[in-house]
Structures are given as structure tokens and as C-alpha cells.
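To find a chain, count down the sequence lines: A is the first, B the second, and so on, and within it residues start at 1.
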There are 2 protein chains.
Amino acid sequence: MSEPNLSSRQLRAFVALAEASNFTRAAARSHLSQPAFSALIRSLETAVGARLFDRTTRRVELTVEGARFLESARRLLHDVEDALRDVGEHAALRRGRVAVAALPALAAGWLPGVLAAFRARHPDIELDIADALSEACVERVRAGRADFALAAIRASAPELRTEPFCSDRFHLVCRRDHPLADRRRVGLADLGGHAFVSLARTSSVRQHIDAAVLPAKVQSVMELEQLSTVAGMVRAGLGVTVVPTLTLFHFEHPDLVTRPLHAPGLRRDIFVVRRRDRSLSIAAQALFELVMARRPARGRPR
Amino acid sequence: MSEPNLSSRQLRAFVALAEASNFTRAAARSHLSQPAFSALIRSLETAVGARLFDRTTRRVELTVEGARFLESARRLLHDVEDALRDVGEHAALRRGRVAVAALPALAAGWLPGVLAAFRARHPDIELDIADALSEACVERVRAGRADFALAAIRASAPELRTEPFCSDRFHLVCRRDHPLADRRRVGLADLGGHAFVSLARTSSVRQHIDAAVLPAKVQSVMELEQLSTVAGMVRAGLGVTVVPTLTLFHFEHPDLVTRPLHAPGLRRDIFVVRRRDRSLSIAAQALFELVMARRPARGRPR
DNA sequence: CGATCTTACGGGATTCGTAAACATA
DNA sequence: TATGTTTACGAATCCCGTAAGATCG
């Protein structure tokens with residue numbers, strides 16, 4: 001009893017009649033037959049519990065209560081349209097927001113091209129990109145601060161869903177004048193005895209390499225945080241290094257050469273991490289699909 | 001296409017489901033079967049053009065867009081309820097406003113009791129009472145500043161509707177020790193030769209009296225604006241006067257006596273004036289009906 | 001396998017449009 | 001009488017509730 005139904009069609013008809021002061025014209029404007037329109041107005045009057053119009057066959061005029069309700073009706077219709085437009089713009093990818101976290105290697109080398117394509121298609125979607133190490137990437141998703149993440153570790157939290165994204169092979173990087181630069185094919189064993197420039201032990205790349213390369217007993221001479229520093233060291237002739245394919249953009253320099261490292265089993269798997277319970281927003285889903293469609297063609301882990 | 005329909009039932013169902021996160025319970029709360037409720041939600045999602053819930057059989061959760069729309073839906077429902085309550089309170093006479101214009105005689109003597117009864121029944125209706133001479137009363141109605149008026153003249157404007165309200169007889173007022181005070185029956189001819197206290201010529205009462213009493217050639221000694229002044233003059237023994245029944249409350253005093261004046265045809269007709277085109281507001285209609293029901297029982301003009 | 005949402009479907013209410021009746025200036 | 005609203009009514013649509021089916025945990 002305290003919850004009468006009210007539809008936007010009724011309100012639109014009401015406003016149309018208030019503006020036209022004529023059932024026939026208002027009905028035409030509303031794409032309804034005049035009797036159907038009349039019934040619609042009557043249903044509204046029943047719903048609100050008061051006569052809204054004084055009608056004679058010659059004149060149709062708002063009652064005092066109708067005039068008062070007209071203001072409410074106009075405002076309600078305006079707000080309804082606002083709300084619908086808001087949702088509609090999100091659905092049409094004209095509004096929205098996507099938050100992504102990605103490993104620096106992906107964020108710097110591969111992601112920008114994907115984002116450029118996305119922005120070209122959906123210029124009004126806000127993008128929130130975080131480049132962070134794998135743990136931080138996953139944490140952002142878990143905390144709801146990122147819609148999805150590209151990280152080198154599987155998430156452990158049960159509320160997260162981890163799927164393979166791509167698998168990164170490793171490359172040798174050395175100076176053009178280094179003895180290894182001439183080898184057609186470089187294997188793990190070939191690294192023995194050469195000075196080696198390493199990343200810090202906290203890096204996931206380093207952990208992969210330690211596991212595979214250490215048996216080769218390379219000389220580890222440095223522990224650096226940034227790959228660009230590593231590139232500088234290698235260019236200065238201080239040693240060689242081994243890095244994943246996706247980071248090779250750091251080493252594009254005339255003095256340096258890169259060689260695929262022939263080491264079966266040595267690879268860095270990268271995963272895409274999302275929340276398990278929540279679906280992606282429309283905007284996030286769109287970027288997610290683009291990300292998956294343009295994933296690096298190195299094959300997939302597992 | 002740009003005008004999808006949206007009903008308050010859909011919004012209520014949506015909010016209920018968002019709060020319950022469970023179709024079965026939300027359906028029960030909405031007094032609907034679960035499949036009907038489900039269809040209602042689906043119809044809303046179709047109308048707004050986006051999925052609002054992620055549902056598995058185990059979990060029902062708002063999508064990002066749904067969460068955004070929830071705020072709009074809550075606000076819309078709140079505003080709808082406000083609008084309906086506003087109209088409902090007017091219809092139930094718990095809110096509203098009535099503006100009445102009445103001759104001072106009615107406004108002072110008879111109207112207050114009617115207003116007291118009205119206010120007792122509808123204490124929250126605003127009352128706007130104007131006491132004014134007949135022309136000003138009619139003008140207030142014509143200008144829309146009064147819902148209806150009680151005046152001693154018929155309105156001339158075509159947009160006004162004039163109906164008989166009551167007919168006022170006249171009374172002689174004199175001091176208890178005046179010779180006329182002992183007459184069982186007083187007629188116009190009996191006034192001859194007695195000092196007479198008159199209102200100003202602009203008063204409608206005076207105009208009635210002049211037309212009827214002048215033939216009796218009374219001595220007109222004063223021309224006053226206020227009946228209370230007339231009462232003082234009569235009490236001081238400066239003359240007698242003749243006034244309509246409705247004004248007798250001015251002369252209720254131990255020293256004064258009033259006698260019905262036997263003068264067929266001498267009467268003051270009072271009319272109720274409304275706009276012809278507009279109906280009265282619910283509140284005005286209620287007061288109008290009370291006014292008509294309690295009209296002075298002197299008979300009606302015409 | 002149990003709880004829960006969706007699909008299927010028959011019955012009933014609602015709403016539509018056409019046509020006739022009715023009312024006012 | 002002419003214009004414009006309401007009533008009448010058959011048809012199409014929509015909506016509801018029951019029952020069966022599908023799905024996730």
C-alpha cells in the first residue's frame with residue numbers, strides 16, 4: 001500500500017500532457033492512441049492518489065496538485081535519464097576506468113602499444129597503470145586497486161584466479177666484440193668462466209637465472225636493481241648477462257648483441273591474475289580482451 | 001530508443017536484490033515468486049543496457065556498473081517516494097494552502113468559527129485569510145491570490161463564477177433607553193425623525209440603506225468608516241443605526257438593543273466567487289465545502 | 001547432492017487500438 | 001455542430017506462478 005508503482009512512461013506522458021494541454025496531441029507525441037494515453041494518465045492519477053488535470057472536452061489544465069507534481073515529475077525524469085545515460089556510457093565504453101598492474105618489463109616494453117590501441121578505440125576510458133614487481137602487482141588485485149595484473153608468480157590467495165599469460169625465453173646479452181657474440185648457438189654451459197652482470201637477488205629474473213645458470217658456475221660480479229644499469233655495465237665490457245626476451249628493449253644498442261639462450265626448461269612464466277569472485281567491469285573486460293589478444297607470441301606457459 | 005521505460009518496481013527489486021544478494025530472499029521480500037523476480041531483474045538489465053549482477057547459483061553480486069547504478073537507484077526511489085508523499089499529503093489534507101477573501105463582516109463575525117473547525121480537522125493546512133471590501137475580494141480571486149471569496153457583489157469578469165451564498169437582513173440598533181427600543185416591530189417609516197449614525201458612502205451597507213431608508217428621511221448626522229465607531233456613537237446616544245445581521249456582533253453591549261427591521265426587499269445578498277476555469281485545490285475545496293455547509297442560515301439570495 | 005538461479009509454459013491480468021458514445025463551446 | 005475526451009470491447013501482449021532443468025560449491 002505504501003509502495004505504489006510508478007513508471008517513467010507515466011511520467012513522460014504526464015509531462016507531455018502538461019505541456020500540450022491536449023490529450024490528442026500529447027498522445028501523438030507519445031506514440032500512443034489517444035484512449036491508451038488517456039488510460040495511462042488515469043493510471044498515474046490513481047497511483048499518486050490525486051487528480052492531476054482538470055479536463056473538459058475543451059480544456060485540459062493542471063490542478064493545483066498536478067502543477068506541484070509536475071516539478072517533481074520533471075526532476076525525476078531528468079534524474080532517470082541521467083542515471084540511464086551514465087550506465088549506458090559505461091556499457092558503450094565511453095566512460096569507465098581500468099586499473100592494471102604489470103611487471104615493469106611488460107609495462108615498459110609491450111604494454112604501451114596495447115594501451116595506445118585501446119585508447120584509440122576508447123579515448124574516454126580512464127587508465128590507471130601501475131608498474132610493480134610481481135608481489136606488488138598481485139597485491140593490488142587482491143586489494144581491489146587493480147582489475148587485473150600481469151605478474152611472474154601465481155597468486156596464492158584463494159580469492160584470486162591465476163591463468164597463464166605467456167612464457168618468456170631468456171637471451172644472452174654481450175658486447176659485439178665478446179667471444180660469445182660469434183657463437184651461432186649459445187647454451188648454459190657456454191657461460192662458464194665469463195664475467196656476469198647480475199640483477200639483485202630480490203628480482204624474479206635473478207631467481208630464474210640462479211636456478212639454471214649457477215650450475216654453469218659463472219662469475220657473478222655485480223648485483224644491480226635496474227636493467228638499464230645492467231645494460232650500461234655490459235656495454236662497458238664488464239661482463240655478459242642473461243635476461244628474458246621481454247626485457248630486450250633495454251639492450252638495443254649498436255655495441256650489443258643478443259642471442260637466444262638454448263636452455264630447455266629455462267623460462268619465465270607470466271600469469272594474468274584476477275579476482276575470482278568479481279567480474280571485470282565492462283571497460284576492464286574490454287582491455288583484458290585486448291591484452292589477451294595481443295599477448296606476446298612466445299607461447300604460453302604450462 | 002532513447003526512452004527506455006523504467007518502473008519503480010524494477011528499482012525496488014534491484015535495490016532489494018543488491019541488499020539481499022540472494023534472489024530467493026529478495027523475491028520473498030518483494031512479494032514475488034522467485035522466477036518472476038528474476039524476470040524483473042532481467043527486464044531492468046535490458047532497460048539499462050548492462051548486466052547489473054554477476055550471478056552464479058551460489059553467489060549474487062553487483063557488477064561494477066551495478067554498484068554505480070545502485071546509488072542512482074536509491075536516490076531515484078527516495079525522490080519518487082518524496083514526490084508521492086508530497087502529493088499524498090496534499091490529497092489527505094495534511095498539507096496545502098487555502099486563500100480566502102471575505103467581507104470584514106463575515107471575516108470577523110462568522111468566518112472565525114468556520115476556520116476553527118477547519119483547523120481542528122486539518123491543522124497543517126496553511127490558511128491565508130484576507131478581509132477586504134467586496135471589490136478587493138473579487139480582485140483577489142481574479143488575480144489568483146485567493147481561491148474563493150465571499151463578497152457582496154456579483155463578479156463581472158467572465159473568468160469568474162459567482163453563486164449565491166446567503167442573504168443578509170438588516171437590523172435596527174439603538175440604545176436601550178431609545179423610544180424605538182420598546183417597539184415590538186420596527187419598520188422603515190419608524191426611523192423618520194430620529195438621529196441616524198451612518199457609515200461612509202463608499203460602504204456597500206450604506207448603499208443598501210440609502211436606497212431603502214432615505215425615503216424615510218432620517219437625519220443623517222455622521223459618516224463613519226468603522227462599524228465599531230458606529231457602535232460607540234450609538235451607545236453615546238448620538239443616534240440609531242441600521243446594519244446587516246452579520247455585523248451585529250459589533251453591537252453586543254448591555255446598553256444597546258437590536259431589532260429586526262421590517263423592510264421587505266431590503267437585504268444584502270452575499271455571493272461566493274471562484275474562478276471559472278480552474279478547479280479548487282483539494283484543501284480549498286475542503287474549506288469551500290465547510291463554508292457552504294455552515295453558511296449563515298438567513299436564507300439565500302435570489 | 002543440496003541449494004539456487006534459469007528456462008518452460010499455461011492462465012490471468014494488463015494494455016493496446018478501433019469504433020462508438022458522450023460532452024462542451 | 002465540431003472538436004476532443006471517455007467508454008466499450010476484442011485482440012495482442014505482458015506478467016505471474018508452478019514445475020522442470022541447469023549449475024555451482
Which two nucleotides bound the region of DNA chain D that has atoms under 4.0 Å from heavy atoms of chain B, read 5' to 3'? dC16(D) to dG25(D)

So, Arg276(A) side chain and Pro158(A) main chain: donor-acceptor pair closer than 3.5 Å or not? yes

If you look only at distance, which donor and acceptor atoms sit under 3.5 Å apart when one is on a side chain in residues 22-32 of chain A and the other is two or more places apart or in another chain?
unit_1: Asn22(A); atom_1: OD1; unit_2: Thr24(A); atom_2: N; d: 2.8
unit_1: Asn22(A); atom_1: OD1; unit_2: Arg25(A); atom_2: N; d: 2.8
unit_1: Arg29(A); atom_1: NH1; unit_2: Glu19(A); atom_2: OE1; d: 3.2
unit_1: Ser30(A); atom_1: OG; unit_2: Ala26(A); atom_2: O; d: 2.9

Please tell me if the side chains of Val272(A) and Arg295(A) come closer than 4.5 Å, counting only heavy atoms from C-beta onward. no

For Arg142(A), check side chain to side chain donor-acceptor pair (under 3.5 Å) against everything at least two apart and list the hits. Glu139(A)

Name the atoms and distances for all side-chain donor-acceptor pairs under 3.5 Å in residues 43-51 of chain A, with sequence neighbours left out.
unit_1: Ser43(A); atom_1: OG; unit_2: Gln10(A); atom_2: NE2; d: 2.9
unit_1: Ser43(A); atom_1: OG; unit_2: Leu40(A); atom_2: O; d: 2.6
unit_1: Glu45(A); atom_1: OE1; unit_2: Arg55(A); atom_2: NH1; d: 2.9
unit_1: Glu45(A); atom_1: OE1; unit_2: Arg55(A); atom_2: NH2; d: 3.2
unit_1: Glu45(A); atom_1: OE2; unit_2: Leu52(A); atom_2: N; d: 2.8
unit_1: Glu45(A); atom_1: OE2; unit_2: Phe53(A); atom_2: N; d: 3.2
unit_1: Glu45(A); atom_1: OE2; unit_2: Arg55(A); atom_2: NH1; d: 2.7
unit_1: Thr46(A); atom_1: OG1; unit_2: Arg42(A); atom_2: O; d: 3.0
unit_1: Arg51(A); atom_1: NH2; unit_2: Phe53(A); atom_2: O; d: 3.3

For Arg294(A), look at atom CZ and say whether over 12 heavy atoms of other residues, nucleotides or ligands are found less than 6.0 Å away. yes

How about Arg12(B) and Ser8(B): does a side-chain donor come under 3.5 Å of a side-chain acceptor? yes

Using salt bridge (charged side-chain N to carboxylate O under 4.0 Å, His left out) as the criterion, list what pairs up with Asp82(A), not counting sequence neighbours. Arg85(A)

Using a 4.0 Å cut-off to any heavy atom of chain B, which nucleotides of DNA chain C are the first and last in contact, reading 5' to 3'? dG2(C) to dT7(C)

Inter- and intrachain pairs under ring pair (Phe, Tyr, Trp, His ring centres under 6.0 Å), touching residues 57-99 of chain A, at least two apart: Phe14(A)-Phe69(A)

Considering non-hydrogen atoms only, spot the tightest contact between Asp79(A) and Arg75(B) and give its length. OD2-NH1, 3.6 Å

Return the angle between end axes of the helix from dC1(C)-dG25(D) to dA25(C)-dT1(D), with five pairs used per end and rounding to 10°. 40°

Expected list for residues 18-26 of chain A near DNA chain C, using heavy atoms below 4.0 Å, is none

Pairwise salt bridge (Lys or Arg N to Asp or Glu O under 4.0 Å) hits with a residue in residues 125-138 of chain B, at least two apart: Arg97(B)-Glu126(B), Arg97(B)-Asp128(B)

Results of salt bridge (charged side-chain N to carboxylate O under 4.0 Å, His left out) for Asp54(A) - residues two or more places apart only: none

Determine the contact category for Leu32(B): base if any of its heavy atoms lies under 4.0 Å from a base atom, sugar-phosphate if only primed atoms, P, OP1 or OP2 are that close, otherwise nothing. sugar-phosphate

Identify, residue by residue, the members of residues 44-65 of chain A with a heavy atom below 4.0 Å from DNA chain C, and return them in order of residue number, or none. Thr57(A), Arg58(A)

Please check this pair: side chain of Asp147(A) against backbone of Leu280(A), looking for a donor-acceptor N/O pair closer than 3.5 Å. no

Can you confirm whether Ser134(A) sits close enough to Leu103(A) that some side-chain heavy atom of one is under 4.5 Å from a side-chain heavy atom of the other? yes

Polar side-chain atom of Arg268(B) near backbone of Asp168(B) as donor-acceptor pair, under 3.5 Å: no

